[in-house]
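What follows is a single structure, written as structure tokens, with notes after it.
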There are 2 protein chains.
Amino acid sequence: MADMSIGQAAERSGCTVATVRHYEDEGLLKAIGRASNGRRVYGWPDIHRLRFVRRCRDLGFSIGDVRTLLGAADAPSPDCLAVRDMAVAHIDRLRLMRAEIDTLERSLLSLANTCNEACATGRSPACTIVEDLGATASG
Amino acid sequence: MADMSIGQAAERSGCTVATVRHYEDEGLLKAIGRASNGRRVYGWPDIHRLRFVRRCRDLGFSIGDVRTLLGAADAPSPDCLAVRDMAVAHIDRLRLMRAEIDTLERSLLSLANTCNEACATGRSPACTIVEDLGATASG
DNA sequence: GTGCATCCTCAGGTAACATGAGGATCAAGC
DNA sequence: GCTTGATCCTCATGTTACCTGAGGATGCAC
């Protein structure tokens with residue numbers, strides 16, 4: 001069950017083959033073995049590491065973040081506090097993103113309503129949606 | 001007051017100089033005049049167009065979207081319904097993004113709590129945040 | 001006339017992979 | 001043994017929306 005191909009490693013870690021190679025290029029994996037024919041050989045520890053990276057990326061961490069997290073996880077006594085701090089910092093980033101999204105949604109809704117009211121049955125010269133899009137204000 | 005340099009155009013449209021040139025390269029601006037010394041010359045219509053593009057980008061539309069929007073706006077009788085449809089479609093995208101952010105935030109919060117509870121006073125071998133990050137589950 | 005700011009045109013970098021070229025190898029079926 | 005299709009390899013380029021820098025010309029103030 002050990003000694004998997006890159007295709008199997010990709011499937012079992014939830015990555016694409018290209019992504020697995022990319023993570024290796026980025027130095028996120030420990031030395032990957034090669035068979036005599038030159039093909040990469042993966043074991044379960046590699047699969048777990050790939051899943052870790054994949055999950056961190058899904059959580060929105062950058063490759064650089066993951067490098068740091070792996071460094072913390074690889075340490076003799078993992079620095080959980082550093083990991084928690086990165087998580088907390090990332091939560092703050094997510095909240096900012098959500099606030100921006102909320103603002104954008106309100107702007108777009110009022111924009112769309114401009115058209116809904118003026119053009120209930122079709123195009124109307126009274127619709128100002130195009131001009132509104134060009135307005136200077138920031139919403 | 002007309003005949004502005006690219007620097008002035010950038011300042012008045014809320015873009016950087018590089019971005020103004022980029023939008024021109026992307027074909028989002030109508031033909032920009034040149035002075036005898038080869039420098040670009042902008043008028044107010046160009047500034048308005050730049051603001052339009054900038055605002056659309058801030059609203060999250062891609063350059064391709066903006067191209068479509070400009071096409072609609074440039075038409076003899078602007079197709080406001082097409083513009084509204086793009087706005088509505090974009091609102092849907094924003095809502096999906098927000099849902100993902102909410103999920104990520106919950107994951108990260110429970111992750112951080114793992115550490116908060118186990119390591120109130122410092123690192124603790126009881127903290128599972130590092131292993132939790134590597135967990136397979138997606139929720 | 002001496003600087004410094006601004007402008008010009010390429011060219012290459014950024015993030016995180018995806019895609020494709022061109023070629024080798026493997027496993028299955030006949 | 002041979003063909004066929006899937007998988008693998010490396011290397012190069014594409015994607016998005018710009019940013020940064022090289023190398024050089026110009027404009028404006030003192």
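Note on naming: letters A, B, ... go to the chains in the order of the sequence lines (proteins, then strands), and numbering restarts at 1 for each one.
In this structure, A:Ile32 places its CD1 atom 14 Å from P of D:dC8, rounding to the nearest Å. One interatomic measurement links the two molecules: CD of A:Glu11 to C1' of D:dT7, which rounds to 13 Å at whole-angstrom precision. As rounded to whole Å, 14 Å separates atom P of D:dC18 from atom CD1 of B:Ile6. For A:Asn37 and C:dC26, the CG to P distance is 5 Å, given to the nearest whole Å. Distance, B:Leu28 CG to D:dT16 P: 13 Å, rounded to whole Å. Separating the CG atom of A:Asp25 from the P atom of C:dC17 is a distance of 12 Å, rounded to the nearest angstrom. Here D:dT7 presents its C1' atom at 17 Å from CG of A:Asp3, a figure rounded to the nearest Å. Atom P of nucleotide D:dG14 and atom NE2 of A:His22 are separated by 18 Å, given to the nearest angstrom.
At least one side-chain nitrogen or oxygen of B:Arg54 sits closer than 4.0 Å to the OP1 or OP2 atom of D:dC18. B:Arg57 has a side-chain polar atom (N or O) that falls below the 4.0 Å cut-off from OP1 or OP2 of D:dC18. Close to C:dC17, at under 4.0 Å from its OP1 or OP2, lies no side-chain N or O of A:Thr16. Between A:Arg40 and D:dT10 there is a side-chain N or O to OP1 or OP2 distance below 4.0 Å. The phosphate of D:dA17 has neither OP1 nor OP2 within less than 4.0 Å of any side-chain N or O from B:Tyr23. OP1 or OP2 of C:dC8 has at least one side-chain nitrogen or oxygen of B:Arg21 nearer than 4.0 Å. Put simply, B:Ser5 has a side-chain N or O that comes within less than 4.0 Å of OP1 or OP2 on C:dC7. The phosphate of C:dA16 (OP1 or OP2) has no side-chain N or O of A:Thr19 nearer than 4.0 angstrom.
No salt bridge links B:Asp25 with B:Arg21; every basic N to acidic carboxylate O contact stays at or beyond 4.0 Å. Salt bridge A:Asp102/A:Arg98: absent, no basic N to carboxylate O contact under 4.0 Å.
Side-chain atoms of B:Ile63 lie closest to D:dC18 of the nucleotides D:dT7, C:dT6, D:dC18.
Of the two residues contacting DNA chain C, namely A:Arg39 and A:Ala18, the nearest-nucleotide position lying further toward the 5' end is that of A:Ala18. The residue among B:Glu26 and A:Gly7 whose nearest nucleotide of DNA chain D lies closer to the 5′ end is A:Gly7.
Using a distance-only test at 3.5 Å, with no hydrogens or angles considered, a donor-acceptor pair links the side chain of B:Arg67 to the main chain of B:Glu26. Using modelled atom types, no side-chain atom of A:Arg84 and backbone atom of B:Thr114 make a donor-acceptor pair closer than 3.5 Å.
Side-chain contact between B:Val66 and B:Tyr23: absent, with no pair of heavy atoms (C-beta onward) separated by less than 4.5 Å.
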